[in-house]
Structures are given as structure tokens and as C-alpha cells.
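This report refers to the structure that appears directly beneath it.
Note that ligands are numbered from 1 as they come in the structure, with each ligand's atoms numbered from 1 the same way. These numbers come from a predicted model, not from an experiment. Residue indices begin at 1 and follow the sequence shown.
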Amino acid sequence: MLRIGLTGGIGSGKSTVAKVCEILGIPAYYADTAAKKLMNTDPELRNAIIHEFGRDAYTGTELNRKKIASIVFSDPVKLEKLNQLIHPATIRDAEEWMKKQISPYAIKEAALLFESGANAGLDKIIGVSAPHQLRIKRVMDRDGVTQEEVISRMKRQWDEERKMNHCDEVIINNEHEFIIPQVLDLHQQFLAIKK
Ligand code: ATP
């Protein structure tokens, strides 16, 4: 089975593209959602987070998100440390998930695909590209956050050009192109590859 990565900067439309793929019957793994779940359910990851951030990193079995957020948002070293714990756990989980899929191909959607090394083991990578200002506007509308908050999240990611240069295929998600025909083209292309 073909393993396809799907990436792009914040607000580029990765999840939207992944949902179109799901409508076509292609399973999608959402790395951010999985990571949030794993922080509560993966005992090894939980212990590592407690070791790094202290017992009150958890309230019972639930991650104390407020506490962790308050630490990492003001301390880039701690944020990096947290990412170094979460990424390997998510990569392992995604590999397990991939092994269980029986479709012609499966999608792994991740914002920090290259930044985290999660691109390893994938056969092809699709990038989703959208103009800077549009991405900011879409995230502000979606999350109810300020422009500054979106920009600060963007700064923790590779810039658009570098990211897209590393992708095998690029879907343009601006206000002029439709994403569905672009996804259908790639769908046909991936179905034609026997693996
Ligand atoms: P993040 O990295 O923050 O998870 P993402 O790349 O997964 O973002 P989406 O959540 O898919 O991006 O899209 C961001 C927002 O923009 C969503 O509210 C989505 O509905 C909207 N959006 C995405 N593509 C389009 C489009 N072509 N037309 C209109 N709205 C769109």
C-alpha cells in the first residue's frame, strides 16, 4: 500500500484536503489530533512528559493543557523538548495505523511533517499551498485568534517555499483554484501506482 504524506503550513487547508480524500474512501491519519490523544493514552509518553514537566502536568489521567501551554509558550527550549517527546510517539502510532490500512493508499496529514522527521517511510508527499494572508485570515476565522497568534505559530514552521520544494506534488488552495479536481487528479495517479 502506498503511504502518502500531506503537509502544508498552518491554515493552508491540509485537513480540508484530507477530508476530501476520506470522501473518496481513502483513510487519513491526522497527526495533530493523534498527538493530543496519545498524550493521554500512551503510558511511555505520559511518563516522559511527567519526568520533564512534573507530576502536575496531568490532572488524573488527563494532560493539564493549561499548565503545559503556560510553560511552553514562554520557553522555546521546553517547547522543543515537548515536541521531541511527542513526535516519536506519533510517528510510531502512525506506522501502526498504516500497517492496518487495506486501501490502495493512505494519507498521513501533519503540519510538521518535515520538521519532525515524520516524512521518513512515506512514498510520496503532497503539499498544500495557500497565500500567506489568506492562511492568516482562515485561521483567525476558524480559531478566533489574533493575527499575532497565527504569525507566532507560523514562525515555528518551515516557510512555505522551503516546505513546498520538498513535496512531490503541490495542491494550490487559493481563492481561484478548486481543490476537488486537484485531489481527483492525484487520486487517479496514486491508484495507478501498484505497490
Ligand atoms: P492547521 O495547520 O491549523 O491544522 P490546516 O492546514 O489543516 O490548518 P484547514 O483547517 O483545512 O487547514 O483550513 C483552515 C480553515 O480554512 C478552515 O476553517 C477551512 O474550513 C478553511 N478553508 C480551507 N480551504 C478552504 C477553501 N478552499 N475555501 C474556503 N475555506 C477554506
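Only the side chain of Glu109 comes within 4.0 Å of ligand 1, judged by heavy-atom distances.
The closest approach between a heavy atom of Gly9 and any atom of ligand 1 is below 4.0 Å. At least one heavy atom of Ser12 sits closer than 4.0 Å to an atom of ligand 1. The shortest heavy-atom distance from Asn173 to ligand 1 is under 4.0 Å. Within the 4.0 Å heavy-atom cutoff, Lys19 does not count among the residues contacting ligand 1. Heavy-atom separations between Ile10 and ligand 1 include at least one value shorter than 4.0 Å.
A salt bridge is defined here as a Lys NZ or Arg NE, NH1 or NH2 lying under 4.0 Å from an Asp or Glu carboxylate O, and Arg153 with Asp143 meets this definition.
In this structure, of Arg135, Lys14, Arg138, Arg153, the residue bringing a heavy atom nearest to atom 5 (P) of ligand 1 is Lys14.
By the 4.5 Å heavy-atom criterion applied to side chains, His132 and Met154 are counted as neighbours.
Between the NE2 atom of His166 and the CZ atom of Phe114 there is a distance of 6.5 Å, given to the nearest 0.5 Å. A distance of 8.0 Å separates OG of Ser129 from CG of Asn174, quoted to the nearest 0.5 Å. Separation of atoms OG1 (Thr90) and CD (Glu95) is listed at 11.0 Å; rounding is to 0.5 Å. The line from CD1 of Ile49 to CE of Met39 is 6.0 Å long, rounded to the nearest 0.5 Å.
Here the protein heavy atom with the shortest distance to atom 7 (O) of ligand 1 is Ser15 OG, 2.7 Å.
Within the listing of ligand 1, atoms 5 (P), 6 (O), 9 (P), 11 (O), 12 (O), 13 (O) sit less than 4.0 angstrom from a heavy atom of Gly13.
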